[in-house]
Trainee: 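A single structure is presented below for examination.
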Amino acid sequence: MYVADSRSSKAPVAPAETRPGRREAADGAGTGDGTGDGPGTGTAAGRRTVARAAVPGTVVALGVVSLVTDVSSEMVSAVLPLYLLTGLGLSPLGFGLLDGIQNGFSAVVRLLGGHLADRRGRDGASRHKAVAAVGYGLSALCKPLLLLVHTVPLIGAVVAVDRTGKGLRTAPRDAMISLATEPAHRGRAFGVHRAMDTAGALLGPLTAFLVLRLAGGPMLADGGQQQGYHAVFAVSGCVAVLGVLVLLLFVPNRLDGAGPPSDSFDGAEPSDARPRLRDGLALLRIPGLRRLTVCAVLLGLTTVSDSFLYLLVQRRLGLSVEYFPLLPLGTAGAFLLLAVPLGALADRIGRRRLFLAGHGVLLLAYGLLLSPLDGPAAVVCVLLLHGSFYAATDGVLAAAAADTVPAARRGAGLALVGTGQALARFACSLAFGALWSAVGGTAALTWSALALAGCVTGAAFVLREPAAAVPGGPAAGGPAAGGPAPTTDDSEVPS
């Protein structure tokens, strides 16, 4: 019996406080008056109670799993380029190939992970936890394997298996977060998870640095001893195993929010208990999910990858080369600080609106890079804007997508949106690299900024609130429908 099975996987819902002249929510899942103020707004103690209730233990446990796993993964990512290029003599072209494998495998396998997670066992329970455990387990297994492989094909195979694990676990994990959380608080819950995940991304490189120092291995010397890197891989494997144990012991097998196998969508016949892989694409028949997926793909096609952005920051703003490795930490720090408050803001003003606003923030970062400003202040501003972009879009997109998909297909629906966005960003990286080679970095960024501005405008039109969605009404997911007014532009789960 798992430790988590004896606990409630659903967040308790704080009782709503009514105000004179305003309505209560129709059921306990609502947030009070239907105006977006939420329950317990009359007192500070009430607000603190709601904030705690908004994030169930399952989300916190999954956040710990992601934090620990990210420490393990980022330990390897921090030293792998140096290990391959200086320790094993791999060419930059070979490393580029490995980098492409990492991105491609994770994006493609995500669809399979979402599909497998939605398939139910003999007891009628979904397999979100089981599929996620396999994904985390594969990644944990790959870390010590790096101690045994020393050729490009074998290292590529290990990296591919590691990315397969990441692709398998992403959709089931996000589905578990959405199913364990009340709909009114999904933005905050995803924000908490992404903040914990980002904390692991910050701690990973620092842990790798300390392990290298303690092991006495050289960091940059060509042909030097490799025991420092091997120590990093060994410690990383142990940390990854710890993450798998937290998942198995503290995340429940059943989630109260998981719908029955008979959930249907878009007026279709009740779905089969064992969905087929092609049923995932059929989810695009849901208007809300289709619009989100199209917009995620369009915006992803104009989102410059982090690596190119950091190179532009270093070259355009005159940053010293020695500070270049610190740039990702600046983005991650801003992401960590803003993920929770922006997630809560998305619950109030609408998740799609904040998702679009996040891309507007990214457009400001592009504009700052293209401006004549330079120096440390400009660097800090660009990194803050970059981190704000991720805080306003990463978990918020998952929360918005969860509102449009029936519970029985939640994993496949989230995988569909995530895969589309990931593949679009991968295509953007290829196109931006080619454009940079042809016309230069500044011109390439200018074209990307113009394309992003156009896509944001188009996405705002596509994601506009339907005229029939009256705040507080059933079509909007308001109190009469059992949901709060703040998510009127998000709640489009078909009846």
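From a predicted model like this one, the values you see are computed outputs, not experimental measurements. Sequential numbering from 1 along the given sequence is applied to the chain's residues.
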Trainee: Could you tell me the separation between the SG atom of Cys381 and the CG atom of Leu364, rounded to the nearest 0.5 Å?
Mentor: 11.0 Å
Trainee: Taking Ser72's backbone N and O only, do any of them form a donor-acceptor pair with Ser236's side chain (distance below 3.5 Å, no angle check)?
Mentor: yes
Trainee: Test Val456 against Leu363 for side-chain contact (heavy atoms from CB on, under 4.5 Å), laying out the working first.
Mentor: CA-CA 9 Å; Val456 169; Leu363 190 59; 5.6 Å; no
Trainee: Under the side-chain contact (heavy atoms from CB on, under 4.5 Å) criterion, do Val313 and Leu369 qualify, and how do the steps go?
Mentor: CA-CA 7 Å; Val313 168; Leu369 277 174; 3.8 Å; yes
Trainee: When you compare the side chain of Tyr229 with that of Leu212, does any pair of heavy atoms fall below 4.5 Å?
Mentor: yes
Trainee: Where do Gly358 and Ala392 come nearest, in terms of heavy atoms and distance?
Mentor: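 Scanning both residues, the minimum pair turns out to be CA-CB, 3.7 Å.
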Trainee: Does any non-hydrogen side-chain atom of Val131 lie less than 4.5 Å from one of Arg169?
Mentor: no
Trainee: Below 4.5 Å, heavy atoms only, C-beta onward: do Lys129 and Pro172 meet side chain to side chain?
Mentor: no
Trainee: Identify which one of Phe389, Tyr390, Tyr366 satisfies the ring-ring contact (aromatic ring centres under 6.0 Å, His included) criterion when paired with His359.
Mentor: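 With His359 as partner, ring-ring contact (aromatic ring centres under 6.0 Å, His included) holds for just one option, Phe389.
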Trainee: Before giving the answer on side-chain contact (heavy atoms from CB on, under 4.5 Å), spell out for Leu309 and Leu327 the whole-Å C-alpha distance, their side-chain angles and the decisive distance to 0.1 Å.
Mentor: CA-CA 10 Å; Leu309 185 76; Leu327 293 178; over 6 Å; no
Trainee: Would the distance check show the side chain of Asp162 and the main-chain N or O of Cys142 forming a donor-acceptor pair, the cut-off being under 3.5 Å?
Mentor: no
Trainee: Would you find a donor on one side and an acceptor on the other, under 3.5 Å apart, between the side chain of Arg110 and the backbone of Gly418?
Mentor: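 Here the side-chain-to-backbone pair exists.
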Trainee: Between Leu342 and Leu345, does a side-chain contact (heavy atoms from CB on, under 4.5 Å) hold up when you go through it step by step?
Mentor: CA-CA 5 Å; Leu342 288 183; Leu345 179 63; 4.1 Å; yes
Trainee: Tell me if a side-chain donor or acceptor on Thr181 pairs with a main-chain N or O of Ser178 at a distance below 3.5 Å.
Mentor: no
Trainee: Testing the basics here: between His386 and Leu362, what is the closest heavy-atom pair and its distance to 0.1 Å?
Mentor: CD2-CD1, 4.1 Å
Trainee: Could you tell me the separation between the CG atom of Leu206 and the CD atom of Glu74, rounded to the nearest 0.5 Å?
Mentor: 11.0 Å
Trainee: Taking all non-hydrogen atoms of both residues into account, name the closest pair between Leu67 and Ala199 and its distance.
Mentor: CD1-CB, 4.0 Å
Trainee: How far does SG of Cys238 sit from NZ of Lys143, to the nearest 0.5 angstrom?
Mentor: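 Interatomic distance, Cys238 SG to Lys143 NZ, rounded to 0.5 Å: 12.0 Å.
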Trainee: Looking at every non-hydrogen atom in both residues, tell me the closest pair between Thr404 and Ala400 and how far apart they are.
Mentor: CG2-O, 3.6 Å
Trainee: Output a table of donor-acceptor pairs, distance under 3.5 Å, between side-chain atoms of residues 298-305 and any protein atom two or more places apart or on a different chain; print 'none' if there are none.
Mentor:
unit_1: Thr302; atom_1: OG1; unit_2: Leu299; atom_2: O; d: 3.1
unit_1: Thr303; atom_1: OG1; unit_2: Leu299; atom_2: O; d: 2.7

Trainee: Rounded at 0.5 Å granularity, tell me how far CG in Leu179 sits from NE2 in His128.
Mentor: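 Answer for the CG-NE2 pair, Leu179 versus His128, is 5.5 Å.
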Trainee: Would you name the heavy atoms of Val158 and Leu146 that are closest together and state the gap between them?
Mentor: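 Val158 and Leu146 have their closest heavy atoms at CG1-CD2, 3.9 Å.
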Trainee: Using a 4.5 Å cut-off on heavy atoms from C-beta on, say whether the side chain of Tyr136 contacts that of Arg173.
Mentor: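 SC-SC contact between Arg173 and Tyr136 confirmed.
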Trainee: Are Arg194 and Asp394 within salt-bridge range, i.e. N to O under 4.0 Å?
Mentor: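 Answer for the salt bridge query: yes.
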Trainee: With a 4.5 Å heavy-atom cut-off, do Thr393 and Leu397 have their side chains touching?
Mentor: no
Trainee: Any side-chain heavy-atom pair from Leu445 and Thr442 closer than 4.5 angstrom?
Mentor: no
Trainee: Under 3.5 Å, sequence neighbours excluded: what are the donor-acceptor pairs made by side chains of residues 425-433?
Mentor:
unit_1: Ser429; atom_1: OG; unit_2: Arg425; atom_2: O; d: 3.1

Trainee: Show the numbers, then the answer: is there a salt bridge (charged side-chain N to carboxylate O under 4.0 Å, His left out) between Arg410 and Asp174?
Mentor: CA-CA 9 Å; Arg410 189 65 50 81; Asp174 285 350; over 6 Å; no
Trainee: Hey, could you give me the CG/OG1 distance between Leu112 and Thr164, rounded to the nearest 0.5 Å?
Mentor: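 Result: 9.5 Å between the selected atoms.
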Trainee: Can you find a pair of side-chain heavy atoms, one from Gln421 and one from Val297, that are under 4.5 Å apart?
Mentor: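 Not in contact.
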Trainee: So, Arg351 and Asp403, do they make that salt bridge, N to O below 4.0 Å?
Mentor: yes
Trainee: If you measure from CG on Leu145 to CG on Leu154, what distance do you get to the nearest 0.5 Å?
Mentor: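 That separation rounds to 10.0 Å.
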Trainee: Can you tell me if Thr198 uses its side chain to pair, donor with acceptor, with the backbone of Leu336 under 3.5 Å?
Mentor: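 No: the side chain of Thr198 does not pair with the backbone of Leu336.
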Trainee: Please tell me if the side chains of Thr331 and Tyr310 come closer than 4.5 Å, counting only heavy atoms from C-beta onward.
Mentor: yes
Trainee: How far apart are the closest heavy atoms of Asp347 and Arg188, and which atoms are they?
Mentor: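 Shortest heavy-atom separation between Asp347 and Arg188 comes out as OD2-N, 3.0 Å.
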